[in-house]
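Keep in mind that the numbers below use all heavy atoms, side chains included, and drop hydrogens, waters and symmetry copies.
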Amino acid sequence: MEQSEQRIKIAVQKTGRLTDHSIDLLERCGLKVTKSKNQLICYGENMPIDLLLVRDDDIPGLVSDDVCDLGIVGLNVVEEKRLQLEQEGSNGRFKQIFELDFGHCRLSIAAPEDVDYVGPESLKNVKIATSYVGLLTDYLKRNRIAAEPIFFSGAVEIAPKLGRADFICDLVSSGETLLANGLREVAVLLESEAVVIQTLAPLSDEKQALVDKIIQRLDGVLKVRDSKYIMLHAPRSALAEIRALLPGSESPTVLPLEGSDDKIAVHAVCRENVFWETLENLKAAGASSLLVLPVEKMLA
Ligand code: PRP
Ligand code: ZN
């Protein structure tokens with residue numbers, strides 16, 4: 001078998017809201033890549049893993065067709081592709097394995113500022129410009145609205161001004177694009193964030209082992225995303241109260257302090273952010289020398 005066939009390929013958005021976060025996430029999994037956003041492929045320097053930098057809309061297809069083993073892409077793109085394939089009578093050969101909590105946006109219907117909108121019934125018999133014909137058609141069907149989706153591959157927001165549509169259905173993140181085009185959001189169809197998808201195609205044992213390894217590392221990085229490691233000193237008598245104050249922590253490590261009979265050191269992984277208020281409460285309960293550290297990786 002060719003050497004290159006044993007390398008894992010991960011599809012990542014070439015330029016857009018997911019690009020930097022996606023590469024950063026993979027770097028936190030230990031991957032070093034030659035970074036050149038002008039290239040189609042970023043070669044992994046320390047692992048047999050390469051990144052394919054492509055249009056986000058192409059990512060589910062590349063993973064489904066087994067050109068890539070994994071992909072990082074918006075849920076909006078995944079769901080649109082799934083509906084498209086369903087309509088063609090086929091199933092995508094990919095599954096979603098992680099939600100990444102970045103790239104948050106929503107697919108919404110927006111109306112020109114001067115157009116009345118009282119509810120889904122206002123969409124009756126209108127034209128709606130969108131790149132998401134599948135998701136829009138699905139929404140209209142579920143709400144029993146007869147409206148006409150008009151396919152636009154880009155610049156959807158100018159469709160009403162061009163007289164090509166009455167409403168639009170597009171992604172909204174900060175809302176700036178809508179504002180700049182005199183549009184207002186009237187209905188949310190889908191809340192989206194970046195997700196990881198994995199091909200369902202059978203892989204060779206070596207490739208499968210490598211995919212499993214990167215998935216385990218992703219899991220380790222994602223699990224500790226909001227975790228903190230907290231260390232403090234306290235009188236032994238305050239232990240119960242201090243344990244109760246530690247946010248989302250499992251059994252902490254309790255150590256004796258050298259040269260002190262009644263003082264202990266408490267170390268704990270907190271599965272959520274540790275705020276100043278928590279530290280102040282811990283201090284009020286008798287804790288001192290408080291330290292909060294970020295957690296980078298975890299392997300259970
Ligand atoms: C979306 C959408 C808008 C913009 C909205 O495009 O089509 O142009 O983002 O964001 P805002 O509310 O922050 O102004 P995106 O950048 O995702 O590009 P793509 O759909 O072509 O991939
Ligand atoms: Zn896109």
Side-chain angles (χ1 to χ4, degrees), residues 13 16-18 21 55-61 63-64 71-96 98-197:
Q13 187 182 32
R17 71 175 96 241
L18 306 183
H21 277 110
R55 259 167 34 102
D56 59 348
D57 310 64
D58 294 334
I59 293 176
V63 176
S64 185
I72 301 178
V73 64
L75 181 65
N76 52 299
V77 174
V78 173
E79 288 303 311
E80 178 66 19
K81 182 73 180 181
R82 209 191 293 279
L83 288 170
Q84 223 173 298
L85 288 167
E86 231 171 62
Q87 225 170 27
E88 292 164 9
S90 64
N91 282 315
R93 291 206 305 165
F94 60 82
K95 64 175 177 189
Q96 187 181 315
F98 292 114
E99 290 175 352
L100 297 175
D101 200 22
F102 63 75
H104 286 279
C105 59
R106 49 202 187 271
L107 182 68
S108 293
I109 293 180
E113 263 148 15
D114 55 352
V115 170
D116 284 340
Y117 181 89
V118 291
E121 61 270 29
S122 299
L123 299 174
K124 213 173 149 195
N125 299 326
V126 304
K127 289 185 169 139
I128 308 173
T130 190
S131 316
Y132 295 86
V133 173
L135 283 163
L136 175 60
T137 305
D138 181 61
Y139 172 82
L140 294 171
K141 221 197 266 173
R142 279 189 284 113
N143 287 281
R144 299 202 178 119
I145 304 161
E148 187 188 351
I150 308 281
F151 179 73
F152 265 64
S153 60
V156 174
E157 59 277 4
I158 61 169
K161 271 192 211 126
L162 297 177
R164 301 279 307 279
D166 308 290
F167 291 78
I168 71 159
C169 172
D170 198 13
L171 295 182
V172 183
S173 174
S174 65
E176 274 173 42
T177 305
L178 293 187
L179 198 67
N181 288 280
L183 298 162
R184 71 179 204 286
E185 200 175 356
V186 295
V188 178
L189 277 53
L190 177 83
E191 295 281 354
S192 181
E193 67 186 291
V195 298
V196 178
I197 54 171

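- Of all the heavy atoms in V133 and P149, the pair that sits closest is CG1-CB, 4.3 Å.
- For N76, the side-chain hydrogen bond (donor to acceptor under 3.5 Å, both in side chains) partners at least two apart in sequence or on another chain are Y132, S192.
- Between the R17 side chain and the H104 main chain, no donor and acceptor come within less than 3.5 Å of each other.
- Side-chain contact between D138 and L189: absent, with no pair of heavy atoms (C-beta onward) separated by less than 4.5 Å.
- Here L140 contributes atom CG and I109 contributes atom CD1; the two are 6.0 Å apart, rounded to the nearest 0.5 Å.
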Checking side-chain contact (heavy atoms from CB on, under 4.5 Å) for the pair Q96/L75: CA distance, chi angles, key distance, verdict? CA-CA 9 Å; Q96 187 181 315; L75 181 65; 3.4 Å; yes
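- Considering OG of S64 and CD1 of I197, their distance stands at 8.0 Å, rounded to 0.5 Å.
- Scanning all heavy atoms of the two residues, the minimum distance from P60 to K81 falls at CB-CG, 3.6 Å.
- The distance from the CG atom of L179 to the CD atom of E113 is 7.0 Å, given to the nearest 0.5 Å.
- F167 and Y117 have perpendicular rings, their planes meeting at more than 60° on a 0 to 90° scale where under 30° would count as parallel.
- Heavy-atom neighbours of K161 NZ from other residues, nucleotides or ligands within 6.0 Å: above the threshold of 12.
- No more than 12 heavy atoms of other residues, nucleotides or ligands sit less than 6.0 Å from atom CZ of R144.
- When each of I150, I128, V126, V115 is checked for a side-chain contact (heavy atoms from CB on, under 4.5 Å) with D166, only V126 meets the rule.
- Rounding to the nearest 0.5 Å gives a distance of 10.5 Å between OG1 of T137 and CD of E148.
- Side-chain N or O atoms of T130 include one that pairs as donor or acceptor with a backbone N or O of C169 at under 3.5 Å.
- Smallest separation of non-hydrogen atoms from P160 and P112: CB-CG, 4.0 Å.
- Contact between R106 and E185 at its shortest, heavy atoms only, is NE-OE2, 2.7 Å.
- No donor-acceptor pair under 3.5 Å is formed between the side chain of E157 and the backbone N or O of N181.
- A salt bridge is defined here as a Lys NZ or Arg NE, NH1 or NH2 lying under 4.0 Å from an Asp or Glu carboxylate O, and R82 with E79 meets this definition.
- At distances below 3.5 Å, not a single donor-acceptor pair connects side-chain atoms of Q13 with backbone N or O atoms of D56.
- In this structure, CG in D170 is found 11.0 Å from CZ in F152, a value given to the nearest 0.5 Å.
- Here CG of L83 is found 15.0 Å from OH of Y139. Values are rounded to the nearest 0.5 Å.
- No side-chain heavy atom of F94 sits less than 4.5 Å from a side-chain heavy atom of I59.
- Minimum interatomic distance between A110 and L183 (heavy atoms only, all atoms of both residues): CB-CB, 4.2 Å.
- Within the 4.5 Å cutoff, the side chain of D116 has no heavy atoms near those of the S122 side chain.
- What you find for V77 and D57 is that their closest heavy atoms are CG1-CA, 3.7 Å.
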